[in-house]
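FYI, side chains are in, hydrogens and waters are out, and symmetry mates aren't considered; it's all heavy atoms of this structure. Source: prediction; values computed, not measured.
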Amino acid sequence: MLEKIEQLKEQVSRLSASTAEEVEALRIKYLSKKGEISALMNEFRTVPAESKKAVGQALNELKTLVTDHIANLREQIENSRSVNEANSLDMTRTASPIALGTRHPISIVREQIISIFRRLGFSIAEGPEIEDDWHVFSALNFAADHPARDMQDTFFIQRNPDVLLRTHTSSVQTRVMEKQTPPIRIICPGRVYRNEAVSARAHCFFHQVEALYIDEHVSFADLRQTLLYFAREMFGTDTEIRLRPSYFPFTEPSAEMDISCHLCGGKGCNFCKHTGWVEILGCGMVDPNVLDACGIDSKKYSGFALGMGIERITNLKYRVKDLRMFSENDVRFLEEFTSAR
């Protein structure tokens with residue numbers, strides 16, 4: 001029996017394991033009730049009395065050896081796992097879990113509008129938000145006594161009345177017309193400012209997208225087809241449009257465009273005030289005076305312009321009743337647009 005114990009000692013000294021499961025299997029093999037050590041304990045009963053002391057001492061040494069060796073193997077594996085976890089830990093991450101965000105509804109709709117006009121060949125043009133009177137008003141055929149120049153509508157810089165916050169992105173159009181020879185086909189998205197009381201239906205800043213197309217032989221029919229394409233891409237293929245005469249200083253003739261209410265299908269509901277139509281933008285043919293003021297020959301070139309409020313389009317798509325919600329950064333409101341990213 002002493003020989004068998006020595007063989008097991010040598011065998012145990014060579015034991016190794018790479019996983020916790022393998023260590024557990026060794027423990028069961030040697031230390032469980034049906035394991036190798038228990039079998040030797042049962043066999044110990046048959047050992048002669050004069051040999052029991054030596055055999056018992058050797059058996060205890062074997063059990064201690066097996067127990068310590070398996071404990072060492074388990075500790076090595078746990079230490080290795082801790083090191084691997086430490087190496088894979090990103091120490092630059094915040095201790096708090098970071099929830100995935102979503103895009104702002106204004107950004108979502110803005111990109112949808114831009115995408116539609118890009119398919120029509122329009123490119124993006126941008127300009128400064130702090131502008132001068134010429135690019136915002138004078139170049140766009142605004143008379144010196146036009147109401148839009150009143151302090152109640154425009155944020156002027158007090159020390160320099162010629163400098164102001166732009167009231168529309170049409171100022172970008174004037175800058176492009178001054179520098180670029182037709183054909184011009186641009187879309188101008190951006191933030192604009194007006195001196196208005198903040199309420200559920202109005203704000204002192206909002207977002208616009210304006211489009212401008214100038215070339216030879218551009219007609220009102222081109223404008224109408226562009227508007228029809230945009231409306232059906234934005235609101236659905238069944239959408240109809242209508243154009244109502246209007247007035248803007250920088251276009252002649254001018255019109256406001258309505259779309260058939262996509263909630264009631266034009267039958268009339270509370271949203272469209274039972275008319276079946278919803279106004280979404282203003283448009284018209286570029287006034288020859290504007291072309292001439294920007295250095296473009298109005299006898300050779302013609303063009304159309306259109307502009308819309310992004311908040312208005314967003315309301316039509318998502319029915320947001322309070323404009324203030326777009327700028328209050330309420331996470332609960334923004335989370336409603338997770339699926340629209």
Side-chain angles (χ1 to χ4, degrees), residues 102-124 168-169 185-189 200-202 206-213 215 218-248 251 253-286 303-323 325-326 333-341:
T102 180
R103 300 180 65 199
H104 195 282
I106 294 295
S107 298
I108 295 172
V109 174
R110 175 183 179 273
E111 291 305 314
Q112 290 175 346
I113 296 172
I114 290 174
S115 176
I116 293 172
F117 279 94
R118 271 181 169 166
R119 295 198 291 272
L120 290 172
F122 286 77
S123 59
I124 297 178
H168 46 204
T169 54
R185 188 178 296 182
I186 58 171
I187 184 170
C188 313
R201 299 176 61 86
F206 53 98
H207 300 79
Q208 281 187 340
V209 174
E210 299 193 28
L212 174 70
Y213 177 40
D215 202 350
V218 176
S219 67
F220 200 92
D222 298 316
L223 170 60
R224 186 187 183 283
Q225 286 304 111
T226 300
L227 295 173
L228 181 62
Y229 176 84
F230 165 75
R232 290 182 173 176
E233 288 292 303
M234 195 72 190
F235 299 102
T237 55
D238 295 332
T239 303
E240 297 295 334
I241 68 171
R242 73 175 184 183
L243 297 173
R244 294 178 288 104
S246 186
Y247 167 75
F248 303 108
T251 54
S254 303
E256 291 181 349
M257 188 184 88
D258 303 330
I259 61 169
S260 54
C261 181
H262 58 288
L263 297 181
C264 64
K267 297 178 181 178
C269 64
N270 290 333
F271 186 74
C272 63
K273 300 179 181 179
H274 301 283
T275 64
W277 298 93
V278 180
E279 177 189 338
I280 67 167
L281 59 82
C283 60
M285 302 300 294
V286 179
F304 65 73
L306 60 96
M308 69 194 83
I310 301 179
E311 281 84 351
R312 176 64 171 167
I313 305 299
T314 306
N315 282 339
L316 293 177
K317 290 183 69 69
Y318 301 118
R319 301 188 69 180
V320 179
K321 297 181 179 179
D322 193 335
L323 284 177
M325 298 180 71
F326 290 128
F333 169 69
L334 298 177
E335 286 176 346
E336 297 180 13
F337 299 89
T338 301
S339 61
R341 284 183 292 181

Smallest separation among heavy atoms of Ile124 and Pro189, with atom names: CG2-CD, 4.0 Å
Check: Glu311 side chain, Ile106 main-chain N or O, donor-acceptor pair, under 3.5 Å: no
For Ser123, side chain to side chain donor-acceptor pair (under 3.5 Å) partners two or more places apart: none
Phe304 CZ to Leu212 CG distance, which is reported to the nearest 0.5 Å: 8.5 Å
Stepwise side-chain contact (heavy atoms from CB on, under 4.5 Å) check, Phe235 with Ile313: CA-CA 10 Å; Phe235 299 102; Ile313 305 299; 3.9 Å; yes
Arg242: partners by side chain to side chain donor-acceptor pair (under 3.5 Å), with sequence neighbours left out: Asp258
Partner residues of Asp215 under the salt bridge (Lys or Arg N to Asp or Glu O under 4.0 Å) criterion, sequence neighbours left out: none
Sub-4.5 Å side-chain heavy-atom contact between Ile116 and Tyr229: yes
Between CD on residue Gln225 and CZ on residue Phe220, distance to nearest 0.5 Å: 11.5 Å
Full working for side-chain contact (heavy atoms from CB on, under 4.5 Å) between Val109 and Tyr318: CA-CA 10 Å; Val109 174; Tyr318 301 118; 3.8 Å; yes
Minimal non-hydrogen separation, Gly121 against Arg185, with atom names: O-CD, 3.3 Å
Residue list, side chain to side chain contact (heavy atoms under 4.5 Å, CB included) with Ala211, at least two apart or on another chain: Phe117, Phe122, Leu306
Nearest-0.5 Å distance that lies between atom CD1 in Ile310 and atom CD in Gln112: 11.0 Å
Backbone N/O of Phe326 and side chain of His104: donor-acceptor pair under 3.5 Å: yes
Approximate separation, where rounding is to 0.5 Å, of Arg319 CZ and Thr314 OG1: 14.5 Å
Any donor-acceptor N/O pair, Thr226 side chain to Asp222 backbone, under 3.5 Å: yes
Test item: Phe206 and Leu323 side chains (from C-beta on) under 4.5 Å apart, heavy atoms: no
Minimal non-hydrogen separation, Met257 against Ala231, with atom names: CE-CB, 4.4 Å
Interatomic spacing from OG in Ser260 to CG in Asp238 - rounded to 0.5 Å: 8.0 Å
For Ile113 against Met308, the heavy-atom pair lying closest together: CD1-SD, 4.0 Å
Chi angles and distances behind the side-chain contact (heavy atoms from CB on, under 4.5 Å) call for Phe230, Ile259: CA-CA 11 Å; Phe230 165 75; Ile259 61 169; over 6 Å; no
Trace of the side-chain contact (heavy atoms from CB on, under 4.5 Å) decision for Val278 with Arg312: CA-CA 10 Å; Val278 180; Arg312 176 64 171 167; 3.3 Å; yes
Nearest-0.5 Å distance that lies between atom CG in Asp322 and atom CG in Asn315: 9.5 Å
Distance-minimising heavy-atom pair for Ala255 and Leu243: CB-CB, 4.2 Å
Shortest non-hydrogen contact from Arg244 toward Glu279: NH2-OE1, 3.5 Å
Flag, side chain of Arg224 to backbone of Ile241, donor-acceptor distance under 3.5 Å: no
With sequence neighbours excluded, residues passing salt bridge (Lys or Arg N to Asp or Glu O under 4.0 Å) with Arg232: Glu240
With sequence neighbours excluded, residues passing side chain to side chain donor-acceptor pair (under 3.5 Å) with Glu210: Thr169, Ser170, Gln173
